[in-house]
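Scroll down for the structure; my scribbles are underneath it.
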Amino acid sequence: MTAAKPAKPVKPKPVTTLSADDARRMALRAQGFLGAPDRRAGVRGVLRRLGAVQLDTISVLARSHELIPYARLGAVGRPAVESAYWSGGHSFEYWSHAACILPVEEWPHFAFRRRAMRAKGHRWHRMEDREGSCAAVLDRLKADGPLTTSDLGGGRKGGEWWDWSETKIAVEWLLDTGEVVCTERRAWKRVYDLAERAIPDDLLHDDLSDAECMRRLVAQAGAALGVATRADLADYHRLKNEQVDAVIEASGLVPVEVAGWGKPAWADPAALAEAPRGRHRTTLLSPFDSLVWDRTRTARIFDFTHRLEAYVPRPKRIHGYFAMPLLAGGRLAGRVDPAREGSTLVARQVSLRDAKAVRPMAQALTEAARWVGCDSVRIERCDDAALRAALVAEVEVEAGA
């Protein structure tokens, strides 16, 4: 019997044509960078709007999940950010674009991924006694939870970080398959609880079909991106292209053509309903911000090539360990590799697109310094000596403002 051929990519007839600038502004507005920020909705509003906020271990100015709302709302207190994410049962951690904080309302829509985990039978590690180890973890959580891995007995056997203990493998497997939920990060450790205790009753189910889960996640990605190609939509929650193809027509997204993109695209109808306008945010972006986490999309929309070099050997780095793009005037106008030395924010390496980016970079550095409790900014290296001198002078002006 001949295997069925995979469906061909959907090539819809576009309902309208957008300029590249139209698409860029739509993306900025969808991501919360164009127009007045919704301060009343705050951090939780940002999370609902984006649908996923990526977590990462790296902390330079702050951890990435803190930088996400800061970039959109300004200097929200860091304790308030953590409280907004983790208190009141508003969110949970699960696998989306990567390990992400997700609105609790999205729990049912990741049923497809939990089912896939169960069908696979393991993630990275295999347990010696799955039934006994999982039962022991569930019993402890039922009696004493919520608990960290340390509370449960420790995460490692004593070797490298990936040399997990049986308990760690068990609790992570239960997380993958939905019996356990990560309800909080405490000192960067996951805090686990029973799903039946942490997820509201009306959301605690895997009743939705894979197709309905995909439809919802594609629609949500489209709303968060404003306008997107199939690959953009797939990358947002790490779906497969064919999964997007199967549900795109039912997603509610509208086919459009974007000048210069050369690929079919879809737009959120709400994004098309009103021309994007308003004030642009000037800020530094985490490399894990959903505006720029897809490098191919970032290059297409902003003509800006960026990659995280934290895992590149130091001699081979071009822009630095944790280079943060500068968003100014709706464009990516440069980048800086920041560090902290006591109460000084150090710009270890700066690159600017042109002289127009000097003042926005000075503003962004000064605002970020104040947010993390620094009282001064020092510029070390810049790829243009003349622009460095101008930036140093502008930082002094900002400091005195």
Side-chain angles (χ1 to χ4, degrees), residues 24-25 28-29 31-37 39 46 59-64 66-78 80-81 277-287 289 291-292 298 302-306 309 317-401:
R24 177 178 55 82
R25 285 190 289 267
L28 288 165
R29 183 176 63 182
Q31 282 282 304
F33 290 108
L34 178 59
R39 300 191 188 281
V46 169
S59 180
V60 178
L61 293 182
R63 292 202 188 273
S64 186
E66 298 173 278
L67 292 167
I68 304 308
Y70 162 74
R72 290 155 177 82
L73 302 174
V76 181
R78 294 173 65 186
V81 172
R277 56 174 61 88
R279 289 188 61 185
H280 288 285
R281 178 95 170 99
T282 297
T283 191
L284 300 178
L285 300 172
S286 163
D289 195 297
L291 183 70
V292 295
T298 300
F302 295 104
D303 189 25
F304 188 89
T305 301
H306 182 70
E309 296 180 337
R317 292 175 190 159
I318 298 171
H319 296 291
Y321 175 78
F322 194 73
M324 299 179 69
L326 168 68
L327 180 66
R331 300 181 184 278
L332 298 181
R335 71 196 94 203
V336 59
D337 182 32
R340 294 175 65 181
E341 293 181 4
S343 61
T344 299
L345 188 157
V346 182
R348 294 189 295 191
Q349 186 167 335
V350 178
S351 63
L352 301 170
R353 179 159 280 181
D354 53 38
K356 294 179 181 178
V358 169
R359 186 178 182 189
M361 179 62 84
Q363 292 172 336
L365 286 169
T366 303
E367 182 186 69
R370 290 170 179 158
W371 178 56
V372 297
C374 292
D375 55 23
S376 62
V377 175
R378 186 176 80 243
I379 310 300
E380 289 191 344
R381 297 182 301 279
C382 183
D383 56 8
D384 184 305
L387 293 183
R388 181 188 180 279
L391 180 60
V392 169
E394 195 64 45
V395 164
E396 291 177 355
V397 171
E398 289 294 325

- Validation row: Arg29, Arg25 side chains within 4.5 angstrom (heavy atoms): no
- Item | Identified side chain to side chain contact (heavy atoms under 4.5 Å, CB included) partner of Arg340 from the options Val346, Val60, Leu61 | Leu61
- Query: Would a 4.5 Å heavy-atom cut-off, applied to side chains only, mark Phe33 and Arg72 as touching?
  - Reply: yes
- Query: How long is the gap from CD on Gln363 to OG1 on Thr283, to the nearest 0.5 Å?
  - Reply: 11.0 Å
- Task: State whether the side chain of Tyr70 and the backbone N or O of Ala368 hold a donor-acceptor pair below 3.5 Å, judged by distance alone.
- Result: yes
- Item | Closest non-hydrogen atom pair between Glu398 and Arg370, with its separation | O-NH2, 3.3 Å
- Task: Find the distance between CD (Glu341) and SG (Cys374) and round it off to the nearest 0.5 Å.
- Result: 10.0 Å
- Nearest heavy-atom pair of Ser59 and Ala62: which atoms, and what distance? OG-C, 3.6 Å
- Message: Does any part of the side chain of Leu28, heavy atoms only, come nearer than 4.5 Å to the side chain of Phe302, both counted from C-beta?
- Response: yes
- Of all heavy-atom pairs linking Leu67 and Ser286, the shortest is CD1-CB, 3.8 Å
- Query: To the nearest 0.5 Å, what is the distance between CE (Met361) and CD1 (Ile379)?
  - Reply: 8.0 Å
- Would you say Val292 and Leu327 make side-chain contact, with heavy atoms under 4.5 Å? no
- Message: Using 0.5 Å steps for rounding, measure from the CG atom of Asp289 to the OG atom of Ser64.
- Response: 7.0 Å
- Is there a side-chain contact between Val358 and Leu352, using heavy atoms and a 4.5 Å cut-off? yes
- Query: Between the side chain of Gln31 and the main-chain N/O of Leu291, is any donor-acceptor distance below 3.5 Å?
  - Reply: yes
- Message: Using side-chain heavy atoms (C-beta onward) and a distance below 4.5 Å, is Leu345 in contact with Thr366?
- Response: no
- Task: Please check if the side chain of Glu309 supplies one atom and the backbone of Ile318 the other of a donor-acceptor pair under 3.5 Å.
- Result: yes
- Query: Atom SG of Cys382 and atom CG of Leu387: how far apart are they, to the nearest 0.5 Å?
  - Reply: 5.5 Å
- Item | Minimum-distance pair of heavy atoms, taken over all atoms of Gly74 and Arg281 | CA-NH2, 3.2 Å
- Query: How far apart are the C-alpha atoms of Phe304 and Arg331, what are their side-chain angles, what is the distance that settles it, and do they pass the side-chain contact (heavy atoms from CB on, under 4.5 Å) test?
  - Reply: CA-CA 9 Å; Phe304 188 89; Arg331 300 181 184 278; over 6 Å; no
- Are Met324 and Leu285 close enough, and set up right, to give a side-chain contact (heavy atoms from CB on, under 4.5 Å), and what steps lead you there? CA-CA 5 Å; Met324 299 179 69; Leu285 300 172; 5.8 Å; no
- Determine whether more than 12 heavy atoms belonging to other residues, nucleotides or ligands lie under 6.0 Å from atom CZ of Arg353. yes
- Query: Between Trp371 and Ala75, which heavy-atom pair has the shortest distance, and what is it?
  - Reply: CD1-CA, 3.6 Å
- Message: Measuring only between side-chain heavy atoms, which start at C-beta, is Arg39 closer than 4.5 Å to Leu73?
- Response: yes
- Query: Taking Arg335 for the side chain and Gln349 for the main chain, is one N or O donor matched with an acceptor at less than 3.5 Å?
  - Reply: no
- Item | Validation row: Leu326, Leu332 side chains within 4.5 angstrom (heavy atoms) | no
- Just one of Arg348, Arg381, Arg317 clears the salt bridge (charged side-chain N to carboxylate O under 4.0 Å, His left out) bar with Asp337, so which one? Arg348
- Task: Give the minimum heavy-atom separation between Val46 and Pro69, together with the two atoms involved.
- Result: CG1-CA, 4.4 Å
